[in-house]
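Before any comments, here is the structure.
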Amino acid sequence: MPIIQSGLSRQYVLYRSLRGAPLSACRTFRARTGTRPFTVLGFESSADDTCAAVVTSSRQILSNVVVKQHSLHEEFGGIHPSVAIEAHQRNMPGAVRMALEQAHISIHDIDGIAFTRGPGIGGCLSVSSNAAKSLAAALNKPLVGVHHMQAHALTPLLTTPIADLPQFPFLTLLISGGHTLLLLASSLTSFRILATTADASIGRAFDKVARALGLSWGTRGPGAALEEFCRMNIEGPERLPDIQPFSVPMPGKLAFSFASLQSSVDRNISLMQEPLSTSHRIALARAFQTAAARQLCAKLTLALQKLELRDVKVRDVVVSGGVASNAFLRARLRETLDGYNPDERISLHFPPPELCTDTDNAAMIAWSSMHRFLAGDYDDYTVELRAKWSIENI
Ligand code: KG4
Ligand code: ZN
């Protein structure tokens, strides 16, 4: 590969892609200048996934290693900080080695090193931070600390085909085991949290309801098992029992609540005769999934209405996180956007399946550092973590 040319050339390649220029334009430019893309090694360990990835300024994910710890925390009913820290320490060296091997590059081909600076669990963040800073200092490479939620919000600019790139301002609906969040992205660095959950995340609610209904999920996970269970049909003359639809919590308010929905399911179960019949279980699963979808659609509509009142026109909505792989939710969201304004279609984007399920990953961290590397805006090797850090304050 030809050597790197000036920062300006590299910037041009990236910004052209971000603005939605046809890929051919970027290619022509690169061929003409002989530029090779800027290559970043990213680290992420803010919660319970140990991640390392190599990403280039021409939107190539050369590797994306995610070492999950889920099984270690299951018995605690949430992330146990010291267990997570130990596992990150154990797994990070192997993850970095694998990320370089899978990218087929040496550490000397890396142009910059990025890590999650916050928010997250302090001890967990420090594993990535120490690894990234030490490596950057030893190799004399530039370093950038990234905001974890900014990285989630900018992921579609990495994964969406160039022709369909979301245009600022766009909405990001992040629905996973760790987050239930509606964000407005106005530029690479300016974001507003429009809604977050007042209690549990949507993913945890799917997991708990799947457990309460006694589903078995094998390797596909409880949320996916619940979705599949909802598709089951009862054979024979038996009818599904009627279940009063669960209401949308906090109507008119831009906030989610999934603990209340989960409690409604628990209450229903406690009122039914044990053991629950299969038809009862299917009816409850469907009532839950329908209510979860209605809540997302209602809050999304409310956000669009409120933004319109402030003259903010959104043309793209990006949905990501493990729960975004749910086909029922996807269909309801599409219907909602089609119904919102039939004359001006709002595009709905989903990341590719591998990034939907590996919601937390280092590819997004590496990618979100790119505009700063290309602008020559680096962090000092002494940069400090920010375990608490609002995305509105980047
Ligand atoms: O983003 P993710 O893979 O990881 C973390 O947040 O850690 O999200 C995992 C969550 C779990 O709660 C899982 O049950 C849920 O996403 N999930 C689903 C589906 N697939 C995964 N929930 C509903 N329907 C699905 N098809
Ligand atoms: Zn995350």
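Values reported hereafter were calculated over all heavy atoms of this structure, with side chains retained and with hydrogens, waters and symmetry mates removed. Just so you know, ligand 1 is whichever comes first in the structure, and atom 1 is the first atom listed for that ligand. Owing to the predicted nature of the structure, the values given are computational and were not obtained by experimental measurement.
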Problem - Sub-4.0 Å protein heavy atom near atom 24 (N) of ligand 1 - result: yes

Handout entry: Glu227 neighbourhood, listing ligand 1 atoms whose heavy-atom distance to it stays under 4.0 Å
Key = 25 (C), 26 (N)

Exercise for the section: With heavy atoms of Val323 as the reference, note each atom of ligand 1 found under 4.0 Å away. Expected result: 15 (C), 16 (O), 18 (C), 22 (N), 23 (C)

Fill in the blank from the handout: The atom of Asp360 among N, O or S that is nearest the Zn ion (ligand 2) is OD1

Practice task
Give a yes or no on this: more than 12 heavy atoms of other residues, nucleotides or ligands lie within 6.0 Å of atom CD of Glu101.
Solution key: yes

Handout entry: Considering only N, O or S atoms of His148, the one closest to the Zn ion (ligand 2)
Key = NE2

Handout entry: Protein heavy atom at shortest distance from atom 19 (C) of ligand 1
Key = Ala224 N, 3.6 Å

Handout entry: His179: its N/O/S atom lying closest to the Zn ion (ligand 2) (atom name)
Key = NE2

Problem - Non-hydrogen side-chain atoms of Leu374 and Ser57 separated by less than 4.5 Å - result: yes

Practice task
Could you check atom 3 (O) of ligand 1 against the protein and tell me its nearest heavy-atom contact, residue, atom and distance included?
Solution key: Thr357 O, 2.6 Å

Problem - Val55 side chain near Leu158 side chain, heavy-atom distance below 4.5 Å - result: yes

Exercise for the section: Say whether Gly321, considering both its backbone and side-chain N or O atoms, lies within less than 3.5 Å of an N or O atom on ligand 1. Expected result: no

Handout entry: Heavy-atom check, side chain of Met272 versus side chain of His280, under 4.5 Å
Key = yes

Exercise for the section: On the 0 to 90° scale, with breaks at 30° and 60°, tag the His179-His148 ring pair as parallel, tilted or perpendicular. Expected result: tilted

Handout entry: Option from Phe115, Phe191, Trp389 for which ring pair (Phe, Tyr, Trp, His ring centres under 6.0 Å) with His147 holds
Key = Trp389

Problem - Candidates Leu183, Leu307, Leu348, Ile346 - the one meeting side-chain contact (heavy atoms from CB on, under 4.5 Å) with Leu171 - result: Leu307

Exercise for the section: Enumerate the atoms of ligand 1 whose separation from the nearest heavy atom of Gly178 is less than 4.0 angstrom. Expected result: 6 (O)

Handout entry: Minimum side-chain heavy-atom gap Asp338-Arg345 below 4.5 Å
Key = yes

Handout entry: Distance under 6.0 Å and angle within 45° of ring axis: Arg204 vs Phe206
Key = no

Completion exercise
Judged by heavy atoms only, the candidate from Gly322, Gly223, Ala47, Pro222 nearest atom 21 (C) of ligand 1 is Gly322

Exercise for the section: Step through the shown structure and confirm whether more than 12 heavy atoms of other residues, nucleotides or ligands are within 6.0 Å of NZ on Lys208. Expected result: no

Handout entry: Protein contact to atom 10 (C) of ligand 1 [nearest heavy atom, distance to 0.1 Å]
Key = Gly177 N, 3.6 Å

Problem - Test of proximity, Phe206 against ligand 1: N or O pairs below 3.5 Å - result: no

Handout entry: N/O separation below 3.5 Å, Asp207 to ligand 1
Key = yes

Problem - Geometric N/O contact Asn326 with ligand 1, under 3.5 angstrom - result: yes

Practice task
Within a distance under 4.0 Å of any heavy atom of Gly203, pick out the atoms of ligand 1 and give their elements.
Solution key: 12 (O)

Handout entry: Salt-bridge present (Glu344, Arg315; N to O < 4.0 Å)
Key = yes

Handout entry: Nearest-neighbour protein heavy atom for atom 2 (P) of ligand 1, which is reported as residue plus atom name and distance
Key = Thr359 OG1, 3.3 Å

Problem - For Ser176, atoms of ligand 1 separated by under 4.0 Å from a heavy atom - result: 1 (O), 6 (O), 8 (O)

